[in-house]
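What follows is a single structure, written as C-alpha cells, with notes after it.
All chains are named by letter (A, B, ...) in the order of the sequence lines, taking the proteins before the strands, and each is independently numbered beginning at 1.
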Amino acid sequence: MGEDAQMKLFWRVVDLVVGGIFVYAGVLKMLDPVQFGLDIDNYKTIPWFVSVRLAFYLPWLEIFCGLAVIFRFLYRGGLSILTALILVFIGATIAAKVRGLDITCGCFGHASQHWSFPQHMAIDLAIFIALAALLASELRRRASHDPKS
Amino acid sequence: MRALREALILVALAALPAIGEGFYFRDKVSWQSPIPASELVTVDQAKAWGEGAIWVDARPDDEFAKDHVPGAFSLNEDRWNELLPQFLPNWSPDKKVIVYCSAASCNAARDVAKRLRNEAQLKDVFVLQGGWEEWVKTRR
C-alpha cells in the first residue's frame with residue numbers, strides 16, 4: 001500500500017471514529033431530551049425555555065453532522081459545525097468550573113454522569129484535535145485537487 | 001463558502017426531526033420551567049399542609065447543620081445511600097414530601113425529588129418554590 005493510500009485510510013478511520021462518537025452521543029441524548037434539557041440548564045447560562053428547545057435540536061444536529069462526516073456527504077459543513085459545537089462545549093465546561101458549578105455534562109447520557117472535570121476536558125480536547133486535523137486535511141486535499149478553491 | 005452552504009443545509013435538516021420530536025413530547029415536557037407547575041409548591045401552601053407534610057433538605061450537610069426547616073430530614077445526593085434509609089421510615093403514603101435546596105436557581109431539590117419518585121417510588125413529592133431562601137424570607 002502506497003503512502004498516499006495509507007494516509008487516506010488513516011483519515012477515513014478518523015472520520016468514522018469522530019463521526020461515530022457524535023452519532024452515538026446524539027442518539028443517547030435524542031432518546032431522553034428532557035434529561036438533556038436539565039443537563040443544559042445545569043450550566044445556568046441560558047434560560048430554561050431556550051435549554052429545552054436546544055435539547056430537542058442539538059442531538060439531531062450532532063447525528064446529522066456525524067453522519068455527514070461518516071459518509072463524507074456535506075462533509076465540510078459537518079466538520080465545521082462539530083468543531084464549533086465542541087468549542088462551545090469546552091468553553092461552557094470551563095466557565096461552569098470557574099463558577100464553581102458541580103455539574104454533569106450529559107454529553108454521553110448516563111455514561112458520562114460520573115466523569116471528572118479532567119476526564120471531560122481530555123475527551124473534548126481529543127475530539128477537538130481530531131476535528132481540527134480532519135478539517136486541515138480536507139482543506140489541504142481540496143487545495144491540491146483544485147488550486148483555485 | 002461551500003462549508004457555510006453545507007453547514008446551513010445540515011442546520012436546516014436537523015430542525016425537521018427535532019420539530020417532530022418536540023411535537024411528540026409536547027405534553028410530556030414543561031416548556032416554561034424545568035420543574036412542572038404541578039410539582040411545585042409555595043411556602044404558604046406547604047405550611048398549610050402542616051403535619052401532613054414531610055420536609056426534605058437537599059442541601060449539603062454543612063448548610064443543613066447551620067439551619068433548616070423545623071423537622072426537616074437531610075437527604076442530599078452526596079450521601080444518598082446513607083441518608084435515604086434514615087428518611088424512609090418517617091414517610092407514610094398519606095404524607096406529602098416537600099423537597100428544598102438553597103434558592104430558586106439550585107438543582108438539588110429537583111434532582112432529589114426526581115430520585116424519590118423514580119428510585120424510592122414515592123408519590124406526592126413536591127419542590128419548594130424559591131427554596132430555603134424563600135422560606136427564610138417568610139419566616140421573618
ILVMFWY cluster, Val69(B) and Phe64(B) together (side-chain gap under 4.5 Å): no
Toward chain A, the part of Arg5(B) with a non-hydrogen atom under 4.5 Å: neither
Glu51(B) atom CD, neighbour heavy-atom count above 12 within 6.0 Å: no
Option in Arg110(B), Gln32(B), Lys28(B), Met1(B) with maximal non-hydrogen atom pairs under 4.5 Å from chain A: Arg110(B)
Trp48(A) side chain to Ser30(B) backbone, donor-acceptor under 3.5 Å: yes
Gly78(A) backbone acceptor or donor facing Glu6(B) side chain under 3.5 Å: no
Exceeds 12 heavy-atom contacts within 6.0 angstrom, atom NZ of Lys123(B): no
Pairwise distance CD1(Ile63(A)) to CG(Leu13(B)) - rounded to 0.5 angstrom: 12.5 Å
ILVMFWY network linking Ile19(B) to Leu54(A), side-chain heavy atoms under 4.5 angstrom: no
Hydrophobic cluster membership, Phe25(B) vs Val50(A), 4.5 Å side-chain cutoff: no
Phe71(A) atom CZ, neighbour heavy-atom count above 12 within 6.0 Å: no
Option from Asn42(A), Val52(A), Leu38(A), Ile40(A) for which side-chain contact (heavy atoms from CB on, under 4.5 Å) with Pro34(B) holds: Leu38(A)
Exercise: identify the closest heavy-atom pair between Phe64(A) and Leu10(B): O-CD2, 3.8 Å
Lys47(B) NZ: over 12 foreign heavy atoms closer than 6.0 Å: yes
Part of Ile9(B) lying under 4.5 Å from any heavy atom of chain A: side chain
Closest non-hydrogen atom pair, Glu21(B) against Phe56(A): O-CE2, 3.8 Å
